[in-house]
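Excluded from the calculations below are hydrogen atoms, water molecules and symmetry mates; all remaining heavy atoms, backbone and side chain alike, are included.
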Amino acid sequence: MHGYGPMPQQPTTSRPSPATLTTVRVILVALTVLSCGLLGWAPMLRLAIVTRRPRDWFLLVVVIALNIGLFAFIMATPDDPDQMSDASALFMMFWILGLLAGVITYYLYAEIRHYNTLGAPGPYGAPTHPAPPLPYQQQHPAQHQQHQPQQRQPQQHQPPNPYTAPATPPTPKPAPQRLDQVRAELDELSDYLRQENKDSRDGEGR
């Protein structure tokens, strides 16, 4: 952890310009063809140095052994072509063609693939460097904002309380006209009772 400062940049492998790579490949392929495969170790040596992979170093050793064997077979054949048998000539021809095809094909394929993984070269042959990472103070709010939507919880609905009494609706008040009607009926009833009482008294007095 590097605290609040930016991360240190790691050195990146620079890629040569396309013109330089093409020139080197043409020279190595021409040397291999003109030497009938005896210099096939040269492109394999460059490939092993560039990629630094154990497989390429192993193939370099194999190509060197084939070159030594081919050189020893050529030295063992008679100088006069008429004295060489057809089987020996065919064997040497297939050996040379197989060595040329294998070395050139693998060298071009492996080197082109290796430089393609490095990316395109920068302008004027300048190596490309990755952009520096953000400081810790700028990274922390961004991470907090990313995790903030995940902290939202669904709203919980509270069940109704069975112990709370339901609110009773207010009783409507009687209208004033109804009160007046009831009062008038009561007055008529009282008058009627008074009249009855008066009539009963008058009858008893007679």
Side-chain angles (χ1 to χ4, degrees), residues 1-22 24-25 46-59 105-206:
M1 187 171 181
H2 297 278
Y4 298 97
M7 297 287 291
Q9 298 182 0
Q10 298 180 356
T12 57
T13 304
S14 60
R15 173 180 175 176
S17 62
T20 303
L21 292 176
T22 303
V24 173
R25 291 167 187 169
R46 168 179 165 75
L47 180 63
I49 294 175
V50 169
T51 60
R52 299 179 181 179
R53 291 185 298 182
R55 181 180 64 183
D56 295 334
W57 288 105
F58 174 76
L59 293 177
T105 302
Y106 181 77
Y107 164 68
L108 294 177
Y109 167 77
E111 186 174 277
I112 292 173
R113 182 180 179 183
H114 171 72
Y115 282 111
N116 285 339
T117 56
L118 296 179
Y124 304 102
T128 57
H129 297 283
L134 296 174
Y136 179 78
Q137 293 179 349
Q138 298 181 5
Q139 291 180 358
H140 185 70
Q143 294 177 0
H144 181 69
Q145 293 178 0
Q146 293 178 0
H147 293 287
Q148 186 175 4
Q150 299 178 0
Q151 296 178 357
R152 296 180 179 176
Q153 297 180 357
Q155 297 180 356
Q156 297 181 358
H157 299 281
Q158 296 181 357
N161 191 358
Y163 298 100
T164 58
T168 58
T171 57
K173 295 182 180 180
Q177 296 179 357
R178 180 67 175 172
L179 291 175
D180 295 339
Q181 184 179 1
V182 171
R183 189 178 300 170
E185 291 178 355
L186 292 175
D187 292 341
E188 292 178 357
L189 181 61
S190 62
D191 294 339
Y192 177 76
L193 293 175
R194 289 175 184 173
Q195 187 68 29
E196 288 291 331
N197 292 331
K198 185 178 180 182
D199 293 341
S200 63
R201 288 178 183 177
D202 291 342
E204 290 177 357
R206 291 177 184 179

- Query: For the atom pair CZ (R53) and CG (L47), what is the distance rounded to the nearest 0.5 Å?
  - Reply: 6.5 Å
- Message: With a 4.5 Å cut-off on side-chain heavy atoms, are E111 and R46 touching?
- Response: yes
- Starting at CG of L186, measure out to CD of Q181 and round the result to the nearest 0.5 Å. 11.0 Å
- Grab the two heavy atoms, one from R52 and one from W57, that are nearest each other, plus how far apart they are. CA-NE1, 4.0 Å
- Message: Could you check whether Y106 and D56, counting side-chain N and O atoms only, form a donor-acceptor pair closer than 3.5 Å?
- Response: yes
- Hey, is the main chain of P16 close enough, under 3.5 Å, to the side chain of T20 for a donor-acceptor pair? no
- Hey, are the side chains of Y107 and I112 touching, using non-hydrogen atoms and a 4.5 Å cut-off? no
